[in-house]
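Note that the coordinates shown come from a computational prediction; the quantities given were computed from them, not determined experimentally. The sequence lines fix the lettering, A, B, ..., with proteins before strands; numbering per chain opens at 1.
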Number of protein chains: 2
Amino acid sequence: MKNDQPNIFYTVNDLREFLAIASKQGKRIGFVPTMGNLHEGHLDLVRRASDLSDIVVVSIFVNPMQFGPHEDFDTYPQTLNLDCHALAGYDCAAVFAPTVREIYPKGLSTEIDVPRLSTILCGHHRPGHFKGVATVVCKLLNIVQPDIAVFGNKDYQQLQIIKTMVEDLLLPVQIIGTDTRREPNGLAMSSRNAYLLECEKQLASILYCALKKVAKAVQDNTQIKATLRQQKERLISAGFVLDYLEIRDAEDLSMTYVESDTAVVLVAAKLGDARLIDNVIVDLSK
Amino acid sequence: MKNDQPNIFYTVNDLREFLAIASKQGKRIGFVPTMGNLHEGHLDLVRRASDLSDIVVVSIFVNPMQFGPHEDFDTYPQTLNLDCHALAGYDCAAVFAPTVREIYPKGLSTEIDVPRLSTILCGHHRPGHFKGVATVVCKLLNIVQPDIAVFGNKDYQQLQIIKTMVEDLLLPVQIIGTDTRREPNGLAMSSRNAYLLECEKQLASILYCALKKVAKAVQDNTQIKATLRQQKERLISAGFVLDYLEIRDAEDLSMTYVESDTAVVLVAAKLGDARLIDNVIVDLSK
């Protein structure tokens, strides 16, 4: 645990110069890519990266390529000073906070896509989103060249897409997922929770309840369809605009979860000004 | 100049193990990706890589992802033994000759595209071709992790796409293009020349003549349109099925070459069983 504020780097060259020294010293580099507005969930990722490496880099970049034309790119909370302050208590050596121009100096050109995984679930509701995610994560991984990179399980589909991309493109990095950090009422922590009114925050906790109810039905292999239907109706009655509540294979996100060892129950729903996502893993091997 | 046959590696792991030792010794790695059936043009690339690095890796992989359904994937000449023999006289430490399964263990999944450059010229006539090229080159670069990689200028559009991808994705490698090696009659060397009958090989030399005539008109800034039209007609009369004969900006392949320092005249045409491409650069800064 350090108490110093991390070094902040705004350009690829400055960050690479800093990291070249660490690399030459044989240090293992851990990387936590974020869009900033850090909460306890992000700090869990930093802690995990710190446990698994010698030097931790956190990137803070709100990536325009992963936002749709009517989404919240312009209003996404940007809190760099607070974020650096929050990181001061943790073992984070460097914050990389580039401008959009630094990451896309010539605009959009090369695109990375995992079509099989990027057009379903959230990809169906946010066309182009995961292409933007895969592309910027590949760019960031090539800038930082870390040994490990840590992502949250809350963005489960994103994590599977990144794992697939890294494996397919043979990027020399290990991708680690970490457990979702929750509010006391069960609501998964997210920067977008800031869009919720206080009463909506209370209501939002039933998302996790719904996931757990469906997960239990899957685990017990009983009343699965009925439970899914009930929980969808419950969310809709409560005022959610439901994008999906689905059970999938935990690895390839296919619908044939019954044949697999691990399933995942995923939900995406809008409440007030926020689009919320969450998921629960179900171990079927037991 | 060595006279030993290069080491042949068939798996990613074996090659990486071999290269890890070289990397630890601080050796600069040079890489020449090929589809095999090596000719003098390829050997120029190996020589160039050798001049610029300490250890040269040549990959030989006929990439199914870059062939269309009715193209020559099944008949593309595969001559691994002859290729290794040809490389014995050169400074090539390792040949990487993976199977399709080794490069695509889970089939096609992650795709890399540079849509602005990959849908024009050859991309228009070979849909999906450059997506296959960009993806496999990214994979190979991540496997070998070279300091430099050498490609032929003959595949000019491919070279620009690879340069763009490497720059956009911030891959830590320098991409080098080398001059096109030609037969005495001017025909650009290509593995696909093997598809030509002897009389077609003689005829094919007029492709380069046509390029030079158009290039001269561009250089002199006189009769450009008329020369283009004449040369197109000449090729068609000679029996070529012309895909295109065009003048483009040498860097972004846009049609606004008049505003740029360097133009490129590009041709693609079918003759008998072969689809031939070639190009000539025109320096407009003089």
J.: Tell me, for Val12(A) versus chain B, whether the close heavy atoms (under 4.5 Å) come from the side chain, the backbone, both or neither.
T.: side chain

J.: Can you see which heavy atom on Pro115(B) is nearest to which on Ser109(A), and at what distance?
T.: CD-O, 3.2 Å

J.: Is any residue of residues 162-176 of chain A within less than 4.5 Å of chain B by heavy atoms, and which ones?
T.: Thr164(A), Met165(A), Glu167(A), Asp168(A), Leu169(A), Leu170(A), Leu171(A), Pro172(A)

J.: Got a sec: does the NE2 of His125(B) have more than 12 other heavy atoms crowding it under 6.0 Å?
T.: yes

J.: Is there any residue in residues 48-74 of chain A with a non-hydrogen atom under 4.5 Å from a non-hydrogen atom of chain B, and which ones are they?
T.: none

J.: Among the options Leu141(A), Asn142(A), Thr135(A), pick out the one with the most heavy-atom pairs lying under 4.5 Å from chain B.
T.: Asn142(A)

J.: Got more than 12 heavy atoms from elsewhere within 6.0 Å of CD, Glu251(A)?
T.: no

J.: Looking at Asp179(B), I'd like to know if its CG atom is crowded, meaning that more than 12 non-hydrogen atoms belonging to other residues, nucleotides or ligands lie closer than 6.0 Å.
T.: no

J.: Nearest 0.5 Å, please: how far is CZ in Arg116(A) from CD in Glu111(B)?
T.: 11.0 Å

